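Remember, it's 1-based here, ligands and their atoms both numbered in the order they're listed. Computed over heavy atoms, backbone and side chain alike; hydrogens, waters and symmetry mates excluded. This is a predicted model, so every value here is computed, not measured.
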Amino acid sequence: MTHTAQDTADLEAYRGQVRAWLAQAAVPEVPLDLEGRFAVLREWQKTLYEAGFVGISWTRAAGGQGLSPSHQLVFSEELARAGAPQPIGLIGVDVVGKSIETYGLDWQRQQLLPRLLSGADIWCQGFSEPESGSDLASLRTRAWIEGDEFVINGQKVWTSWAHKAQWCALLARTDAGAPKHRGISYILVDMSTPGVTARPLVQMTGDDEFCEVFLEDVRVPVRNLVGQLNEGWAIAQDTLSHERGSYTLRRRVEYEVAVEEAVQNLRGHVGATGTEPPDRVLEQLGRSYAAVRALEALTRRTIDRQLTGDIPSPYDSVDKLSLNEVEQLLYTSITDLLGPFRLAADRAPFGLDGPRWVKEHYYSRAASIYGGTSQIQKNIIGERLLGLPRG
Ligand SMILES: Cc1cc2nc3c(=O)[nH]c(=O)nc-3n(C[C@H](O)[C@H](O)[C@H](O)COP(=O)(O)OP(=O)(O)OC[C@H]3O[C@@H](n4cnc5c(N)ncnc54)[C@H](O)[C@@H]3O)c2cc1C
């Protein structure tokens with residue numbers, strides 16, 4: 001896909017609009033604790049939505065702005081460079097919402113998506129189960145039809161934000177006799193339905209951001225089905241593609257800002273305090289900088305794939321694997337600058353915001369797990385891009 005001079009001029013004009021808006025916006029301070037962070041970022045999502053900055057590349061019919069993925073990228077870049085946070089409902093906006101936009105019924109698009117974009121409704125993704133993570137197609141949550149309702153029974157796990165969510169995009173087995181990739185349906189579940197229980201689980205960051213979710217005789221209208229009965233696997237692949245590809249675009253910009261900030265901290269403090277980081281740590285930070293730049297080049301290709309509709313694609317796995325490797329290298333590098341002050345992060349050297357970087361470092365460990373582990377991404381790349389034999 002070639003970009004014309006007109007495209008570039010449009011994007012730069014848009015960048016100007018975004019900068020002007022951000023310059024006058026009341027950008028919130030984000031508390032580190034989960035409850036505070038959730039409340040502030042939900043309100044921030046509403047502000048961004050009302051200003052036309054959520055769902056930028058979504059169709060207007062679904063409540064979006066009808067612009068291109070490149071406009072979305074420009075916005076994300078400017079948001080991060082202004083030190084402003086992302087909205088909270090990204091599982092909805094970047095991941096499941098896009099699949100509903102593509103495969104959903106008219107009522108789902110019209111009634112659910114504008115509320116998803118504004119943050120009025122928070123969404124979660126009910127895919128993984130205790131015995132079905134990497135081998136997702138083996139999932140055992142069952143749903144059957146009685147009259148005009150599904151009756152759902154089963155258990156999900158690691159469901160991010162389930163305790164805060166109003167809606168869940170759930171995978172359930174609707175034909176137990178079919179081969180495992182068939183017989184799965186993609187069903188939208190109102191989390192306030194009787195029989196749904198979300199029990200929070202604490203992560204190593206100290207936050208209980210994800211949950212186990214129990215479903216006991218949960219009755220959901222049949223019109224909440226997305227796509228065709230028993231054909232939810234293809235839609236699940238679309239959702240995972242967004243999680244592996246689109247999400248990388250947003251995260252990449254945050255890494256760019258993080259590495260620049262760490263470098264600025266070092267420039268301002270090294271020598272002044274008589275303390276210098278070891279060469280090994282500086283070298284690692286340099287490699288992080290190069291890796292963030294390489295990820296930028298990769299995400300340009302992701303934009304092109306989105307523009308040409310080349311999703312889902314095994315290249316989503318290249319994006320996800322790269323995101324994971326860059327994120328872990330970067331946050332390890334920054335926390336290595338803290339040295340022993342990692343244990344007393346509030347007294348961090350070089351003017352670094354210790355508590356924040358320690359938390360980012362802990363969270364980065366999850367990057368090689370969520371959205372499919374790195375081993376699974378490598379399997380996909382090996383088999384589907386490199387043509388290597390299975391196993
Ligand atoms: C922070 C976080 C948020 C999450 N949020 C959600 C969410 O919102 N919704 C949701 O549905 N899920 C979510 N997950 C779950 C995530 O998708 C699963 O953890 C992931 O798919 C791995 O599944 P598992 O944990 O069952 O590990 P397993 O599948 O049991 O894997 C265990 C280990 O075996 C390896 N392995 C398994 N199969 C293979 C294979 N074929 N080849 C090579 N190695 C293999 C894996 O790479 C891994 O190292 C989240 C996870 C995390 C960490």
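Protein heavy atom at the shortest distance from atom 8 (O) of ligand 1 is S160 N, 2.9 Å. In terms of protein heavy atoms, atom 9 (N) of ligand 1 is closest to Q125 O, 2.7 Å. Ranking protein heavy atoms by distance to atom 51 (C) of ligand 1, first place goes to Y370 CB, 3.8 Å. For atom 25 (O) of ligand 1, the closest non-hydrogen atom on the protein side is W158 NE1, 3.7 Å. The closest protein non-hydrogen atom to atom 12 (N) of ligand 1 is S128 OG, 2.8 Å. If you check which protein heavy atom lies closest to atom 19 (O) of ligand 1, you get I369 CG2, 3.3 Å. Nearest non-hydrogen protein atom to atom 44 (N) of ligand 1 is Q375 CB, 3.5 Å. Nearest protein heavy-atom neighbour of atom 21 (O) of ligand 1: G133 C, 3.8 Å.
For atom 48 (C) of ligand 1, the choice among N379, T373, L170 with the nearest heavy atom turns out to be T373. Atom 37 (C) of ligand 1 has its nearest heavy-atom neighbour, among S134, S374, S132, in S134.
Neither the backbone nor the side chain of L136 comes within contact range of ligand 1; no heavy atom lies under 4.0 Å. The proximity of Q203 to ligand 1, defined as any non-hydrogen pair under 4.0 Å, is limited to the side chain. In F210, the part holding a heavy atom less than 4.0 Å from any atom of ligand 1 is the side chain.
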Under 3.5 Å, which donor-acceptor pairs do the side chains of residues 368-375 form with other protein atoms, sequence neighbours left out?
{"from": "S368", "atom 1": "OG", "to": "Q328", "atom 2": "NE2", "distance (Å)": "3.1"}
{"from": "S368", "atom 1": "OG", "to": "R365", "atom 2": "O", "distance (Å)": "3.4"}
{"from": "T373", "atom 1": "OG1", "to": "Q375", "atom 2": "OE1", "distance (Å)": "3.4"}
{"from": "T373", "atom 1": "OG1", "to": "I376", "atom 2": "N", "distance (Å)": "3.3"}
{"from": "S374", "atom 1": "OG", "to": "N324", "atom 2": "ND2", "distance (Å)": "2.4"}

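Side chain of Q24 to main chain of W21: a donor-acceptor pair is present (N/O by atom type, distance under 3.5 Å, no hydrogens or angles).
For atom 30 (O) of ligand 1, no protein heavy-atom neighbour is present inside the 4.0 Å cut-off. Within the 4.0 Å cut-off (strictly below), a protein heavy atom is located near atom 39 (C) of ligand 1.
For the 3.5 Å distance criterion, the side chains of Q72 and Q306 fail to qualify, holding no donor opposite an acceptor.
Annotation: salt bridge (Lys or Arg N to Asp or Glu O under 4.0 Å) contacts of D10 (sequence neighbours excluded): none.
Across every non-hydrogen atom of W161 and C124, the tightest pair is C-CB, 4.4 Å. In this structure, M191 and A198 approach most closely via the heavy-atom pair CE-CB, 4.4 Å. Nearest heavy atoms, D190 versus V196: O-CG2, 4.4 Å.
Considering V202, V157, L201 as possible partners of F210, the one that fulfils the side-chain contact (heavy atoms from CB on, under 4.5 Å) test is L201.
Within 6.0 Å of atom CG in D279, 12 or fewer heavy atoms from other residues, nucleotides or ligands are found, so the atom counts as exposed in its surroundings. In this structure, Y315 places its OH atom where only 12 or fewer heavy-atom neighbours from other residues, nucleotides or ligands lie under 6.0 Å away.
A salt bridge is absent between R19 and E12; no separation between the charged side-chain nitrogens and carboxylate oxygens falls under 4.0 Å.
Taking a cut-off of under 4.0 Å to the non-hydrogen atoms of F127, the atoms of ligand 1 that pass are 11 (O). Atoms of ligand 1 lying under 4.0 Å from at least one heavy atom of I376, given by number and element, are 38 (N), 39 (C), 40 (C), 41 (N).
Considering both main-chain and side-chain atoms, G126 never comes within under 3.5 Å of ligand 1 through any nitrogen or oxygen pair.
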